[in-house]
Protein chains: 2
Amino acid sequence: MSATADDRPGFELPLLLLAGFRALIDELHAELARQGHPHARPVHGFAMQAIGPGGASASEVGRRLGVSKQAAGKTIDRLEEIGYAERVDDPADGRRKLVRLTPRGVDALTRSAAIFDRLRSHWAAALGADRLADLEDALRAMTGPTGLAVDTVSWLAT
Amino acid sequence: MSATADDRPGFELPLLLLAGFRALIDELHAELARQGHPHARPVHGFAMQAIGPGGASASEVGRRLGVSKQAAGKTIDRLEEIGYAERVDDPADGRRKLVRLTPRGVDALTRSAAIFDRLRSHWAAALGADRLADLEDALRAMTGPTGLAVDTVSWLAT
DNA sequence: GGACATCGTCAACCCGGTTTACTATTTCGA
DNA sequence: TCGAAATAGTAAACCGGGTTGACGATGTCC
């Protein structure tokens, strides 16, 4: 009964985690498209989360996402194009431009939250609420407090 | 006791799944770098898996990864540069070039498998073997047979 | 007032993906 | 048998998101 003695190959675990993530994100965006947000992309959701309800500067967004301010600026450009964010001059600091979510951006975010809640309830119905809660607890235990960080998106590309 | 009544917000689940995936992949590549493979990247591992021990054509690799043959060709270029794969003319078909893993590529792959096994055993030690097995079973149930597919890598970029 | 830090932006580049287009080769059927 | 159709590989142009380096404009602090 060595700790490594297990009939399951280790390479499946990451694939299953990724597949679970992908399944949820795919369903989110399919439903988001149905609800009038066909242009939303995963990276946009993370960026809007980083902007937050109170707005933020491009540099702050970059820091929160763990990318350069230039990269954040490009993503914000994109968000502006599809109408989810806007830039306004910061009256208190001539260097800063405050990035704010538009009502449409807020709508996408609140819909996303509702859809995620519904998807989780589907999982709870299929697996059992306690089993799903235990799955989350286990992942939280293995990933630590960084498990809920938002700066994990861009990392795959590296 | 409605199915949607749960105190946990749904948005945490995908973040935890992604964080778990990222944690495993990060540890894999840190260990791989320590073992003499500092240039390996996640996408390369998936591509080498798609090439397989027997080799494959670029088009086959593309189909297995769910990307265009051109994209597969670029990734194979990269694998060739870092010495993990090579192209040889297929004597039986003048159009095809067989992509084969080099010994170094095979070494990276076998080391990866061993590292993944070890990482899984760490998880099993921390969580309990039965709890980890149940986590995998749950994910398998929610993702279906596609849960172990390799074609999930490039999708985030979209 | 001047040195230094920060903000936003531009430019050039990398990487991995796409589509379109093309040649070379093989396969298959009339 | 021979010509049409399918397939393999490659190139070119583009996109999106990432990087670094540089820059002017503005704030901050001594």
Side-chain angles (χ1 to χ4, degrees), chain A residues 22 25 29 39-51 55-82 84-100 150-158, chain B residues 22 25 29 39-51 55-82 84-100 150-158:
Chain A
R22 182 189 170 156
I25 298 296
H29 284 282
H39 297 306
R41 292 283 170 274
V43 60
H44 302 148
F46 284 96
M48 289 198 285
Q49 211 72 47
I51 294 171
S57 72
S59 293
E60 281 168 349
V61 172
R63 281 192 292 265
R64 291 178 190 169
L65 292 177
V67 301
S68 66
K69 60 182 181 178
Q70 296 91 328
K74 285 192 194 181
T75 301
I76 293 167
D77 288 345
R78 198 109 205 94
L79 249 28
E80 265 188 327
E81 281 173 28
I82 57 184
Y84 286 165
E86 59 183 358
R87 285 180 170 100
V88 300
D89 288 336
D90 185 331
D93 186 335
R95 298 167 302 176
R96 278 171 41 108
K97 290 186 183 170
L98 188 63
V99 182
R100 280 189 318 209
V150 192
D151 64 353
T152 312
V153 200
S154 59
W155 142 94
L156 233 206
T158 312
Chain B
R22 181 188 172 156
I25 299 295
H29 285 281
H39 298 305
R41 292 282 171 274
V43 59
H44 301 148
F46 284 97
M48 289 198 285
Q49 210 72 48
I51 293 170
S57 71
S59 295
E60 282 167 349
V61 172
R63 282 191 291 266
R64 290 176 190 170
L65 292 177
V67 301
S68 66
K69 59 182 180 177
Q70 296 90 332
K74 287 193 193 180
T75 300
I76 294 166
D77 289 344
R78 198 112 204 92
L79 286 177
E80 265 189 327
E81 282 174 27
I82 57 183
Y84 286 166
E86 59 183 358
R87 286 181 169 100
V88 300
D89 287 336
D90 185 333
D93 186 336
R95 298 166 301 177
R96 278 170 41 107
K97 291 185 183 171
L98 188 62
V99 182
R100 281 189 319 210
V150 192
D151 65 352
T152 312
V153 200
S154 59
W155 141 95
L156 232 203
T158 314

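Keep in mind that the numbers below use all heavy atoms, side chains included, and drop hydrogens, waters and symmetry copies. Chain naming here is simple, since letters A, B, ... match the order of the sequence lines and numbering starts at 1 in each.
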Looking at residues at least two apart in the chain, or sitting in another chain, which of them share a side-chain hydrogen bond (donor to acceptor under 3.5 Å, both in side chains) with A/Arg100?
A/Glu86
Numerically ordered, the residues 89-100 of chain B set in heavy-atom contact under 4.0 Å with DNA chain D is B/Arg95, B/Arg96, B/Lys97
Residue set satisfying side-chain hydrogen bond (donor to acceptor under 3.5 Å, both in side chains) with A/Arg78, at least two apart, ordered chain then number -> A/Glu81
Is there, by distance only and without an angle test, a donor paired with an acceptor across the side chain of A/Lys74 and the base of D/dG16 below 3.5 Å?
no
Among all residues two or more places apart in sequence or in another chain, which pass the side-chain contact (heavy atoms from CB on, under 4.5 Å) test with B/Ala58?
B/Ile76
Counting the atoms with a prime plus P, OP1 and OP2 as sugar-phosphate, which does A/Ser59 contact under 4.0 Å by heavy atoms, base, sugar-phosphate, or nothing?
sugar-phosphate
Under 4.0 Å between a side-chain N or O of B/Thr75 and OP1 or OP2 of C/dC15?
no
What integer distance in Å separates A/Leu65:CG from D/dT19:P?
10 Å
Would you kindly give the CZ-to-P distance between A/Arg41 and D/dC15, to the nearest whole Å?
16 Å
Base, sugar-phosphate alone, or nothing: which one does A/Ala71 contact when heavy atoms must sit under 4.0 Å apart?
base
Answer whether the closest heavy-atom distance between the side chains of B/Arg87 and B/Asp77 falls below 4.5 Å.
yes
Taking side-chain contact (heavy atoms from CB on, under 4.5 Å) as the test, write out the residues that go with B/Arg63, two or more places apart.
B/Ser59, B/Glu60
Without decimals, in angstroms, what is the distance between B/Ile76 CD1 and C/dC15 P?
17 Å
Spacing between B/Arg87 atom CZ and D/dG9 atom P, to the nearest angstrom
8 Å
Sugar-phosphate, base or nothing in reach of B/Ser68, heavy atoms under 4.0 Å:
base
Ignoring hydrogens and angles, answer whether the base of D/dG21 and the side-chain atoms of A/Gln70 contain a donor-acceptor pair closer than 3.5 Å.
yes
Could I get the full list of side-chain hydrogen bond (donor to acceptor under 3.5 Å, both in side chains) partners for A/Asp89, not counting sequence neighbours?
none
Using whole Å, what does the distance between atom C1' of nucleotide D/dT20 and atom NZ of A/Lys69 come to?
12 Å
I need the CZ-P distance between B/Arg64 and D/dA8, as an integer number of Å.
12 Å
